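One structure is given here, and the rest of the page talks about it.
All values reported here derive from a predicted model rather than from experimental measurement. Residues take their numbers from the sequence shown, with the count starting at 1.
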Amino acid sequence: MGDLKNKRIITVATTGAWPQKEDNPNVPLQPEEIAEEIYQCWKIGAAVAHVHIRDKDGNDSMEVRIFKDVMDLLHENHPDCDIIINLTAAGGITNSQENRMAPFKTLKPEMASFDCGTMNWMHSGVFNNNPAFLTKMGIAMQESGVKPEVEVFDAGMIYDAAHYLKKGVLKAPLHFQFCMGCAGGIGATMDELLFMKKIMDKTVPGSTWSAFGIGKGAMEVMFAAIAAGGNIRVGMEDNVMYSKGQLAESNMQLIARARRVIEEYGCEVATSDEARVLLSLK
């Protein structure tokens, strides 16, 4: 496959647990919408799809059947699509431990999120990821053949990941997602991204990483991550705006911009198969 050092992986996060049609009428909420946007984003350059789902009323859900609907629609309608599926193992902040693990244990995607620590979430509640649960979830991912995407919202969670790696709950090489700009976590600036990368390189060398910024920090984090050799995540889970005062028309619009930025910088967008090599999925 050749040298992949100049490749950058784009992850699309189409939906999330929070945005509603009232925030942006273009956010996809139902399985047909989500599956179609994943496919269209893949055609533009997304190699990974981070998947959240909603119930029929548009509210956060972790129902296995709905995740399966999304995956089935994607593969039945678009058999050419080889995008890496990365299921959320969180949803919102009130789901039970078993409900959070059921989708990846049942459907066995290539990846699933592993939120590596408890935090105060958006000044509104507690996102509970206690040590006993993380141990249980890490072992369950290993048993299911699912690679964790280690989501970290501050530098302390990187040290937590190093602990779980030492204990055998996680297996090297790790893949981190730096989640930046969420109230309760680290900010979304270049300086803070480079600080996170420095901690990762020191405590968990050999790891791969990606980053995204919420809101006004989105572009700064995108530019900094690409320049620093990392990968990026974009999508309406993280930003319903394309720019200040302008709603995003679709996830595809956000992916197209990400591709342009990567290529203008002189890098190349990784295909899904190239991402599998970079992420040690094969």
So do Ile158 and Phe178 actually touch side chain to side chain, heavy atoms under 4.5 Å? yes
ILVMFWY cluster, Met62 and Ile93 together (side-chain gap under 4.5 Å): no
Can you confirm whether the side chains of Asn128 and Asn130 place a donor and an acceptor under 3.5 Å from each other? yes
For the side chain of Gln177 and the backbone of Ala211, is there at least one donor-acceptor N/O pair under 3.5 Å apart? yes
Please step through side chain to side chain contact (heavy atoms under 4.5 Å, CB included) for the pair Met101 and Met141, ending with a clear verdict. CA-CA 9 Å; Met101 293 190 291; Met141 287 186 179; over 6 Å; no
Distance col, row Asp69:CG vs Glu63:CD, nearest 0.5 angstrom, shows 8.5 Å
Let's go through Lys147 and Glu110 carefully: what are the C-alpha distance in whole Å and the side-chain angles of both, what is the deciding distance for side chain to side chain contact (heavy atoms under 4.5 Å, CB included) to 0.1 Å, and is it a yes or a no? CA-CA 6 Å; Lys147 183 180 177 85; Glu110 292 182 83; over 6 Å; no
Check Leu247 against Pro25 and note the closest heavy-atom contact, atom names and distance. CD1-CD, 4.2 Å
Kindly state each residue pair satisfying ring pair (Phe, Tyr, Trp, His ring centres under 6.0 Å) with at least one member in residues 248-282, sequence neighbours excluded. none
If you take all heavy atoms of Pro173 and Gly206, which pair is closest and at what distance? CB-O, 3.8 Å
Just verifying a value: how many Å separate Ser207 OG and Leu174 CG, rounded to the nearest 0.5 Å? 4.5 Å
For a quick test of your reading: what N or O donor-acceptor pairs under 3.5 Å do the side chains of residues 218-243 make, sequence neighbours left out?
residue	atom	partner	partner atom	Å
Glu220	OE2	Met190	N	2.8
Asn231	OD1	Ile9	N	2.8
Asn231	ND2	Trp209	O	2.9
Arg233	NE	Asp238	OD2	2.9
Arg233	NH1	Glu151	OE2	3.4
Arg233	NH2	Glu237	OE2	3.1
Arg233	NH2	Asp238	OD1	2.7
Glu237	OE2	His52	NE2	3.3
Asn239	OD1	Gly215	N	2.6
Asn239	ND2	Gly213	O	3.1
Tyr242	OH	Arg260	NH2	3.2
Ser243	OG	Gln246	OE1	3.0

Pairs where residues 156-166 contributes a residue and the test side chain to side chain donor-acceptor pair (under 3.5 Å) is met, not counting sequence neighbours: Tyr159-Lys202
Are any non-hydrogen side-chain atoms of Asn6 and Cys267 less than 4.5 angstrom apart? yes
Return the set of residues passing salt bridge (Lys or Arg N to Asp or Glu O under 4.0 Å) with Lys171 (not counting sequence neighbours), or none when no residue passes. none
Run the salt bridge (Lys or Arg N to Asp or Glu O under 4.0 Å) test against Asp23 and tell me which residues pass, sequence neighbours left out. none
I'd like to check Leu281 versus Met111 (side-chain heavy atoms, cut-off strictly below 4.5 Å). Are they in contact? yes
Are any non-hydrogen side-chain atoms of Leu193 and Ile186 less than 4.5 angstrom apart? no
Give every donor-acceptor pair under 3.5 Å between a side-chain atom in residues 11-20 and any protein atom, sequence neighbours left out.
residue	atom	partner	partner atom	Å
Thr15	OG1	Pro28	O	2.8
Gln20	NE2	Gly58	O	3.0

Which residues pass the side chain to side chain donor-acceptor pair (under 3.5 Å) test with Lys21, sequence neighbours left out? Glu33
Any donor and acceptor pair, going by atom type alone, linking the side chain of Glu76 with main-chain N or O of Met71 inside 3.5 Å? no
Taking the side chain as everything from C-beta on, heavy atoms only, tell me whether Phe153 gets closer than 4.5 Å to Trp121. yes
With a cutoff of under 4.5 Å between side-chain heavy atoms, which Ile, Leu, Val, Met, Phe, Trp and Tyr residues group with Ile214? Phe212
Between Glu149 and Ser113, is a side-chain hydrogen bond (donor to acceptor under 3.5 Å, both in side chains) present by the stated rule, with each step listed? CA-CA 5 Å; Glu149 178 195 50; Ser113 60; 5.4 Å; no
How many angstroms lie between atom CZ of Arg65 and atom OG1 of Thr106, to the nearest 0.5 angstrom? 13.5 Å
Got a salt bridge between Lys105 and Glu143, using NZ or NE/NH1/NH2 to carboxylate O under 4.0 Å? no
Is there a path from Val152 to Met137 through hydrophobic residues (I, L, V, M, F, W, Y) whose side chains come within less than 4.5 Å of each other? yes
Qualifying side chain to side chain donor-acceptor pair (under 3.5 Å) pairs, either residue in residues 178-191, two or more places apart: Thr189-Glu192
Which residue is it: Val150, Ile199, Leu170, Leu165? I am looking for the one with a side-chain contact (heavy atoms from CB on, under 4.5 Å) to Val204. Leu165
What distance separates Phe104 CZ from Ser144 OG, expressed to the nearest 0.5 Å? 5.5 Å
Starting from Val169, can I reach Leu134 by hopping between I/L/V/M/F/W/Y residues whose side chains sit under 4.5 Å apart? yes
One should read off an interatomic distance between Asp57 CG and Asp55 CG, to the nearest 0.5 angstrom, of 5.0 Å
Is there a side-chain contact between Asp273 and Asp82, using heavy atoms and a 4.5 Å cut-off? yes
Can you see which heavy atom on Pro31 is nearest to which on Ile66, and at what distance? CG-CG2, 3.8 Å
Within the distance-only criterion (no hydrogens, no angle test), does the side chain of Ser61 pair as donor or acceptor with the backbone N or O of Arg54 below 3.5 angstrom? no
So which pairs with a foot in residues 55-100 pass ring pair (Phe, Tyr, Trp, His ring centres under 6.0 Å), sequence neighbours left out? Tyr39-His78
Tell me, please, which residues at least two apart from Glu249 pass salt bridge (Lys or Arg N to Asp or Glu O under 4.0 Å). none
Any chance you could lay out the side chain to side chain contact (heavy atoms under 4.5 Å, CB included) test for Glu37 and Met252, step after step, and finish with the verdict? CA-CA 7 Å; Glu37 292 228 354; Met252 291 76 80; 3.8 Å; yes
Can you tell if the side chain of Ile38 reaches within under 4.5 Å of the side chain of Val51, non-hydrogen atoms only? yes
Same hydrophobic cluster for Ile34 and Leu87, using side-chain heavy-atom links shorter than 4.5 Å among ILVMFWY? yes
Mark yes or no for whether Asn86, through its side chain, and Ala49, through its backbone, hold a donor-acceptor pair below 3.5 Å. no
Answer yes or no: is there a side-chain heavy-atom contact under 4.5 Å between Leu107 and Lys68? yes
Determine whether Thr135 and Lys167 satisfy the following criterion, side chain to side chain contact (heavy atoms under 4.5 Å, CB included), listing intermediate values before the conclusion. CA-CA 9 Å; Thr135 299; Lys167 294 294 184 182; over 6 Å; no
Option from Thr88, Asn129, Asn95 for which side-chain hydrogen bond (donor to acceptor under 3.5 Å, both in side chains) with Arg100 holds: Asn129
ILVMFWY cluster membership beyond Leu73 - transitive side-chain contacts under 4.5 angstrom: none
Between the CE atom in Met119 and the CE atom in Met157, the distance rounded to the nearest 0.5 Å is 5.5 Å
Are Phe176 and Met180 joined in one hydrophobic group, where the rule is that I, L, V, M, F, W and Y side chains link up if heavy atoms are under 4.5 Å apart? yes
